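Computed from a prediction, not measured in an experiment: that's the story for all the values here.
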2 protein chains.
Amino acid sequence: MSSPAGFQPVHRESTSSLITRALREGIMNGRLPAGAQLSEAGLAAEFGVSRGPLREAMQRLVQEGLVRSELNRGLFVKELDEAEIRDLYLTRTAIETAAAYTLAHSEGAAAGAQRLRERAAAMAEAAAAGDLNALADADFAFHEELVSLAGSPRLHRMHETLMVETRMCMTALQETYFDPEDQVAEHSRIAEAIAVGDDEVLRREIEEHMQEALDRLVRAGHQG
Amino acid sequence: MSSPAGFQPVHRESTSSLITRALREGIMNGRLPAGAQLSEAGLAAEFGVSRGPLREAMQRLVQEGLVRSELNRGLFVKELDEAEIRDLYLTRTAIETAAAYTLAHSEGAAAGAQRLRERAAAMAEAAAAGDLNALADADFAFHEELVSLAGSPRLHRMHETLMVETRMCMTALQETYFDPEDQVAEHSRIAEAIAVGDDEVLRREIEEHMQEALDRLVRAGHQG
DNA sequence: CCTGTGAAGATTGTCAACAATCCGGAGATG
DNA sequence: CATCTCCGGATTGTTGACAATCTTCACAGG
């Protein structure tokens with residue numbers, strides 16, 4: 001747009017940034033389970049770097065709240081008890097409501113709603129095929145897209161962390177989708193509310209959706 | 001509460017954590033102005049530590065979004081243009097609305113509203129005395145208290161960063177309180193809305209307050 | 001049996017030195 | 001005069017080593 005040939009500035013990434021992403025991924029998919037100690041020497045050897053860059057990556061995760069640091073003891077993947085899970089969903093509601101509200105009032109509301117409809121359709125497809133893994137992926141993709149479309153760097157960055165935590169406790173609790181059709185319907189209603197632009201409905205849909213998801217998780221936690 | 005003698009776990013802090021706070025303070029009050037390069041060697045010497053812990057602290061600030069990292073070039077205090085300031089206030093609205101909503105629906109709503117009334121009273125006192133510095137402090141204390149009272153660790157952590165950014169651009173723009181009385185009144189209305197528990201009013205009051213604050217900042221930016 | 005002592009082992013916290021990269025200017029070349 | 005090349009200085013990125021701390025276990029004493 002602004003530059004003559006429309007080039008993006010070259011984007012190279014620091015080592016600690018790469019390691020941060022890799023560790024975050026590991027926490028998300030359960031390869032680094034909640035409560036596990038993160039050994040500096042061991043992980044540094046795995047990544048093939050020295051402890052310096054690895055420690056820097058750790059500090060990022062500490063700041064993000066995914067890792068807890070105990071002085072002279074080590075770093076541990078944060079464990080989520082029920083209160084934490086409730087707080088997680090409270091915060092997700094805050095962020096996603098704001099994102100949806102912003103999107104619904106922006107120029108790209110119609111286009112955004114269309115994108116979200118497509119995501120919901122992908123969920124429906126996965127649900128129909130009985131592929132619960134694909135359904136979960138599509139579910140996350142929907143929420144990721146929702147916040148992305150709002151175009152707010154801060155909301156997006158905060159949401160990233162929250163989604164890691166969400167996925168973390170879903171894998172930990174082995175939560176299964178009980179009513180896939182209901183899930184799809186909830187997401188579709190959110191997309192439609194954005195298309196229509198009714199704030200009140202939008203807020204209610206998101207709030208209910210989060211409440212449902214939270215209830216499922218808490219139930220799974222009590223049973224499992 | 002839960003433990004027999006009610007002791008808290010001993011809380012010692014890591015060096016990088018201390019340095020992070022000190023740097024954050026420096027960014028907030030303008031001692032490290034926006035766009036400034038943060039020299040590792042220089043700062044390490046000032047703190048009397050080696051570059052290791054200092055770099056760890058830097059990574060935390062990068063993750064927080066207060067500092068921007070350019071590979072092999074250095075670290076720079078993030079600059080806030082108008083779009084960024086708008087995003088900042090959009091996000092503050094999201095977080096503080098959620099906090100106020102949570103507080104208003106909690107058991108401690110009445111007590112919380114009282115605490116906020118006291119904060120607003122402190123603002124009124126500062127405004128009456130014409131002490132704009134004290135007014136700004138009381139203003140921040142009000143918002144800090146509001147989010148603290150919600151009792152959500154995630155909202156609180158996110159809000160912390162946002163307040164640093166807010167203060168950063170206020171000091172950068174030398175924003176002065178134009179209508180101190182109006183300011184106090186806006187805060188009082190928020191406290192009362194929490195006491196009453198009317199969600200709709202609460203949302204509107206916070207949204208308007210943020211919009212007002214944003215407008216003042218943007219105007220100051222265009223003039224200054 | 002419970003408590004206190006002490007050393008071994010492992011892990012984290014810190015540091016100073018080395019390697020790689022970038023920026024600026026002097027000088028050569030056309 | 002413009003451009004290219006090269007070098008010195010400075011800064012960041014990374015490493016391996018050292019110091020401090022914590023945990024675990026065995027063992028002696030009451």
Side-chain angles (χ1 to χ4, degrees), chain A residues 7-24 26-27 31-79, chain B residues 4-5 7-24 26-27 31-79:
Chain A
F7 286 125
Q8 302 283 5
V10 291
H11 181 62
R12 288 166 307 171
E13 212 165 5
S14 71
T15 308
S16 56
S17 180
L18 286 169
I19 296 178
T20 303
R21 257 220 309 282
L23 289 174
R24 203 183 291 148
I27 292 175
R31 251 191 80 221
L32 300 172
Q37 177 164 14
L38 301 173
S39 150
E40 294 183 4
L43 289 172
E46 259 193 81
F47 284 113
V49 297
S50 87
R51 283 173 50 213
L54 188 117
R55 281 177 63 92
E56 290 173 16
M58 294 290 209
Q59 294 301 321
R60 288 206 191 188
L61 296 174
V62 169
Q63 183 61 38
E64 231 178 313
L66 263 39
V67 162
R68 168 176 50 88
S69 161
E70 286 184 31
L71 191 57
N72 285 321
R73 294 280 304 274
L75 297 146
F76 304 84
V77 180
K78 190 143 178 207
E79 314 186 51
Chain B
F7 287 124
Q8 303 284 3
V10 291
H11 181 64
R12 290 166 306 172
E13 211 165 7
S14 71
T15 308
S16 57
S17 180
L18 286 169
I19 296 178
T20 303
R21 256 221 310 281
L23 289 174
R24 204 183 291 147
I27 292 175
R31 249 190 84 220
L32 300 173
Q37 177 164 14
L38 301 173
S39 150
E40 294 183 4
L43 289 172
E46 260 192 79
F47 283 113
V49 297
S50 89
R51 283 172 52 213
L54 187 117
R55 280 177 63 93
E56 290 175 16
M58 294 291 208
Q59 294 301 321
R60 288 205 190 190
L61 296 174
V62 169
Q63 183 62 37
E64 229 178 314
L66 262 40
V67 162
R68 169 176 49 89
S69 161
E70 286 184 31
L71 192 57
N72 285 322
R73 295 281 303 274
L75 298 146
F76 304 85
V77 180
K78 190 143 178 208
E79 315 186 51

Using whole Å, report how far CD of A/Glu56 lies from P of C/dT12.
16 Å
Is there side-chain contact between A/Thr20 and A/Leu61, with heavy atoms separated by less than 4.5 Å?
yes
I want to verify a distance call: between C/dT12, D/dT14, D/dT12, whose nearest atom is closest to the B/Glu40 side chain?
D/dT12
Phosphate OP1/OP2 of C/dG13: any B/Ser14 side-chain N/O under 4.0 Å:
no
Heavy atoms under 4.0 Å, any strand shown: does A/Gly74 hit a base, just sugar-phosphate, or nothing?
sugar-phosphate
Nearest-0.5 Å distance, CG of residue A/Asn72 to CZ of residue B/Arg12:
6.0 Å
Shortest side-chain distance from A/Asn72, nucleotide among D/dG13, D/dT14, D/dT21
D/dT21
Separation of A/Lys78 NZ from A/Glu64 CD (nearest 0.5 Å)
11.5 Å
Both A/Gln37 and B/Val49 contact DNA chain C. Which one's nearest nucleotide lies toward the 5' end?
A/Gln37
Using the closest heavy atom to pick a nucleotide of DNA chain C for each, name whichever of A/Arg12 or A/Ala41 lands nearer the 5' end.
A/Ala41
Does a nitrogen or oxygen in the side chain of B/Arg55 sit under 4.0 Å from OP1 or OP2 of D/dG13?
yes
Given D/dT14, is OP1 or OP2 found less than 4.0 Å from the side-chain N or O atoms of A/Thr15?
yes
Report yes if some heavy atom in the side chain of B/Ile19 is under 4.5 Å from a heavy atom in the side chain of B/Leu43; otherwise report no.
no
Take the protein atom CD of A/Glu13 and the nucleotide atom P of D/dT12, then report the distance between them rounded to whole Å.
20 Å
Closer than 4.0 Å, any side-chain N/O of B/Arg73 to the OP1 or OP2 of C/dC23?
yes
Rounded to the nearest Å, what distance is computed from the CD atom of residue A/Glu70 to the C1' atom of nucleotide C/dT12?
12 Å
Interatomic distance where CG belongs to A/Leu75 and C1' belongs to D/dT21 [whole Å]
15 Å
What is the distance from CZ of B/Phe47 to C1' of C/dT14, rounded to the nearest Å?
16 Å
How many whole angstroms separate atom CG of B/Leu54 from atom P of C/dA16?
14 Å
Picking from C/dT12, C/dT21, D/dT15, the nucleotide nearest the side-chain atoms of A/Arg51 would be C/dT12
Distance from A/Leu75 atom CG to A/Leu32 atom CG, nearest 0.5 Å?
12.0 Å
